[in-house]
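When reading the values below, keep in mind they use all heavy atoms of this one structure, side chains included, and skip hydrogens, waters and symmetry mates. Naming: A, B, ... by sequence-line order, numbering from 1 per chain.
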2 protein chains.
Amino acid sequence: MVMADDPPRRQPTLEAVAELAGVSRSVASRVLNNAPHVSQVKREAVERAVRELAYVPNPTARALATRQTGAAALVVSGEDPSIFADPFFAQVIVGASAALEEADLHLMLCLAATDRGRRRVEELLRGKGADGVMLMALRENDPLARTADEAEMPVVFGGRPVGSAPRWYVDVDNTGGAREATEYLLSRGRTRVAVICGRLDTEVGRARYRGYQDAMLAAGLEPFPPNEGDFTEPSGAAVMAALLLQHPDLDAVFAANDNMAAGALRTLREAGRRVPADVAVVGFDDLAAARMADPPLTTVHQPIAALGRETARMLAALIHGETPTPLILPTHLVRRASA
Amino acid sequence: MVMADDPPRRQPTLEAVAELAGVSRSVASRVLNNAPHVSQVKREAVERAVRELAYVPNPTARALATRQTGAAALVVSGEDPSIFADPFFAQVIVGASAALEEADLHLMLCLAATDRGRRRVEELLRGKGADGVMLMALRENDPLARTADEAEMPVVFGGRPVGSAPRWYVDVDNTGGAREATEYLLSRGRTRVAVICGRLDTEVGRARYRGYQDAMLAAGLEPFPPNEGDFTEPSGAAVMAALLLQHPDLDAVFAANDNMAAGALRTLREAGRRVPADVAVVGFDDLAAARMADPPLTTVHQPIAALGRETARMLAALIHGETPTPLILPTHLVRRASA
DNA sequence: GCTTCCAATGGGAGCGCTCCCACTCCCCTT
DNA sequence: AAGGGGAGTGGGAGCGCTCCCATTGGAAGC
């Protein structure tokens with residue numbers, strides 16, 4: 001006969017610690033939670049027992065008892081999972097992760113791309129699988145917005161969704177950044193400043209176009225109509241080509257993000273236009289790639305890691321019962337060679 | 001008098017569902033878990049009750065009872081949190097997330113950069129805060145390797161750690177890829193093929209140098225000594241500059257990743273060497289940036305999303321009690337203009 | 001010296017679910 | 001006709017923790 005094939009050597013429990021320390025579970029629990037009403041002697045006894053047994057509290061049991069999971073979810077929506085492959089999100093995560101760590105919260109990452117994924121997120125929200133949620137990259141009329149709203153759980157938006165402004169959000173000053181970029185182009189004497197928009201079904205896309213528009217109108221110039229790209233390099237190249245055809249005399253272009261600016265640069269190069277001599281180009285995002293572009297891209301820097309950090313901080317505050325206020329992070333122009 | 005300020009309107013429980021459906025908790029539980037031994041009538045009654053109450057099972061309670069959290073952790077080690085900002089990880093995550101979704105597992109992301117972060121990971125492992133772990137980017141002698149080993153929990157390594165090969169891992173054929181890249185350079189008639197290594201305290205760095213070495217030796221050529229960069233663009237530029245000084249006659253260079261290749265390209269350009277006419281350059285990784293480099297970079301493609309996907313799949317298999325075998329994913333050369 | 005108060009303590013009732021097990025029928029063998 | 005087997009069912013004991021509450025005893029207040 002063999003031994004039982006499943007040696008149930010389980011983790012020690014609080015009960016075991018208490019017993020070894022010669023105290024009750026209550027006292028042991030208090031020591032672990034750093035709560036008052038424990039004598040120094042027993043406190044030390046418990047600490048010794050914890051060390052001896054290499055005890056680690058079971059987070060699940062604690063979660064059940066306290067009704068707090070100790071986790072925050074970062075939900076990235078969008079039909080295409082590869083939207084997430086954008087280094088943008090990696091940066092956001094670095095920031096969010098750091099802030100969450102400070103608040104002693106774990107990070108659950110949910111890419112709600114497929115139907116199944118969305119359903120799982122929904123269950124997470126409604127089943128209280130996390131203490132709070134950060135919602136990013138929601139599309140127009142995203143059903144997740146409603147679910148999040150109904151779930152009785154703190155929700156912070158990273159970047160405002162299209163249309164309504166939620167109760168709590170952290171966003172970047174897209175309009176201001178776009179305005180600054182356009183004004184800069186104007187200040188360099190350019191007058192025929194074209195624009196390559198991002199998707200206009202996103203708030204980012206709209207806000208950046210708005211900033212461009214503001215600056216043009218303020219300068220008494222006619223803004224170009226919104227030529228829509230989809231934030232990718234090829235779309236930037238395509239829109240640039242179309243622009244060149246319709247307005248051969250343009251002398252500058254503001255692209256709503258760096259990827260599209262890179263595409264524009266490529267088209268311009270292929271068309272034999274010199275940058276910035278013939279056409280000045282400004283992007284938005286200040287990705288690593290912007291620095292390495294040829295020529296290095298003048299672009300609007302946005303604090304991506306800070307966006308993640310502040311979103312997470314706001315969520316943590318909410319979870320702790322505080323009432324933070326929405327936040328808009330500043331952007332600033334980084335001058336390089338392309339404009 | 002005001003009403004109680006904390007309306008404890010709680011989620012309905014299984015108990016409530018059972019009561020509404022006129023069955024016992026056991027039966028309701030069976031229905032929810034799709035278990036047998038339930039009559040059709042009661043099954044439907046329970047389903048109706050679930051809908052009526054908009055019942056969602058509490059994952060925490062389930063986790064406590066089953067001793068399964070339903071989550072897998074992806075731990076990214078490394079002293080510098082920004083290592084994670086590398087688009088590499090974003091890709092890995094997309095793959096892992098998809099595979100985890102299929103296995104109905106949630107993704108917990110842990111960036112173990114700070115001491116506090118490492119401690120939290122340790123607690124996660126030892127406290128059974130997840131059903132399994134994927135470990136990536138471990139450094140030499142990383143204490144996490146031991147903790148993971150001791151934790152009685154499935155562990156899969158994404159990329160082998162330096163030195164020991166763990167029981168379960170998914171890796172990319174770094175040596176084969178580097179060999180292929182070098183062979184290609186050789187086959188184009190280059191004979192003075194230099195190398196820019198990655199950090200040699202990582203297995204990736206070593207394996208890629210090994211591949212380069214193999215190819216050189218097989219061709220009867222003297223391999224260059226390992227000139228170590230740290231996988232960043234500036235380090236590639238610096239090593240390239242040093243190389244040019246010591247070996248002005250070199251006619252090709254294999255860089256252990258695309259970032260360093262980009263740096264090399266920059267140095268070469270500044271030194272007035274034409275690529276590929278004077279010096280051919282091959283990178284490794286096939287990042288998006290490689291395509292946009294000037295000239296577009298010939299590089300070794302590695303299936304990053306697949307790495308994430310397979311790592312997650314292996315972990316899921318382990319969690320389900322299966323016994324998978326380690327996996328090495330193929331790489332292949334992508335020919336572009338730089339070589 | 002006697003009440004008053006509060007720090008210290010441990011018992012016990014949950015938190016919401018799973019799962020073992022005992023029990024009842026009912027159908028199908030021999 | 002008696003027995004076995006299994007499907008269907010519900011009760012109850014956990015899972016490991018927190019937290020309320022009753023109890024104790026010694027210090028402080030009068």
Mind checking whether A/Leu14 and A/Tyr55 have side chains closer than 4.5 Å, heavy atoms only? yes
First and last nucleotide of DNA chain D in contact with chain A, 5' to 3', at under 4.0 Å to a heavy atom: what are they? D/dC15 to D/dC19
5'-most contact on DNA chain C: B/Glu15 or A/Gln40, nearest heavy atom basis? A/Gln40
Partner set under side chain to side chain contact (heavy atoms under 4.5 Å, CB included) for A/Ala112, not counting sequence neighbours: A/Val75, A/Arg118, A/Val121, A/Leu144
Axis-to-axis angle across the helix from C/dG1-D/dC30 to C/dT30-D/dA1, five pairs each end, nearest 10 degrees, ~ 40°
Take A/Arg30 and A/Val23, measure what side-chain contact (heavy atoms from CB on, under 4.5 Å) needs, and give me the verdict at the end. CA-CA 11 Å; A/Arg30 276 184 214 114; A/Val23 302; over 6 Å; no
Starting from the C-alpha separation in whole Å, work towards a yes-or-no answer on salt bridge (Lys or Arg N to Asp or Glu O under 4.0 Å) for A/Glu15 and A/Arg25. CA-CA 6 Å; A/Glu15 188 86 49; A/Arg25 250 187 2 243; 3.5 Å; yes
Taking NZ from A/Lys42 and C1' from C/dA7, how many angstroms apart are they, rounded to a whole number? 13 Å
Within residues 17-32 of chain A, the residues having a heavy atom closer than 4.0 Å to DNA chain C are A/Val23, A/Ser24, A/Arg25, A/Ser26, A/Val27, A/Arg30
Strictly below 4.0 Å, heavy-atom distances to any atom of DNA chain C: list the hits from residues 57-73 of chain B, or just say none. B/Pro57, B/Asn58, B/Ala61, B/Arg62, B/Ala65, B/Thr66
Applying side chain to side chain donor-acceptor pair (under 3.5 Å) to A/Ser29 and not counting sequence neighbours gives A/Asn33
For B/Arg62, all residues meeting side chain to side chain donor-acceptor pair (under 3.5 Å), sequence neighbours excluded: none
Scan for side-chain hydrogen bond (donor to acceptor under 3.5 Å, both in side chains) pairs involving residues 303-315 of chain B, sequence neighbours excluded, and state none if there are none. B/Glu310-B/Arg313
How would you list, by chain and number, every residue that makes a side chain to side chain donor-acceptor pair (under 3.5 Å) with B/Thr69, sequence neighbours excluded? B/Asp131
Residue set satisfying ring-ring contact (aromatic ring centres under 6.0 Å, His included) with A/Phe88, at least two apart, ordered chain then number -> none
My understanding is that only residues two or more places apart in sequence, or in another chain, count here; which of them pass side chain to side chain donor-acceptor pair (under 3.5 Å) with B/Thr66? none
Atom pair CZ (A/Arg167) and CZ (A/Phe157), whose distance is rounded to the nearest 0.5 Å: 12.5 Å
What heavy-atom pair brings B/Pro166 and B/Pro161 nearest, and what distance separates the two atoms? CD-CD, 3.6 Å
Per the side-chain hydrogen bond (donor to acceptor under 3.5 Å, both in side chains) rule, what does the pair list look like for residues 119-130 of chain B, sequence neighbours excluded? A/Asp104-B/Arg120
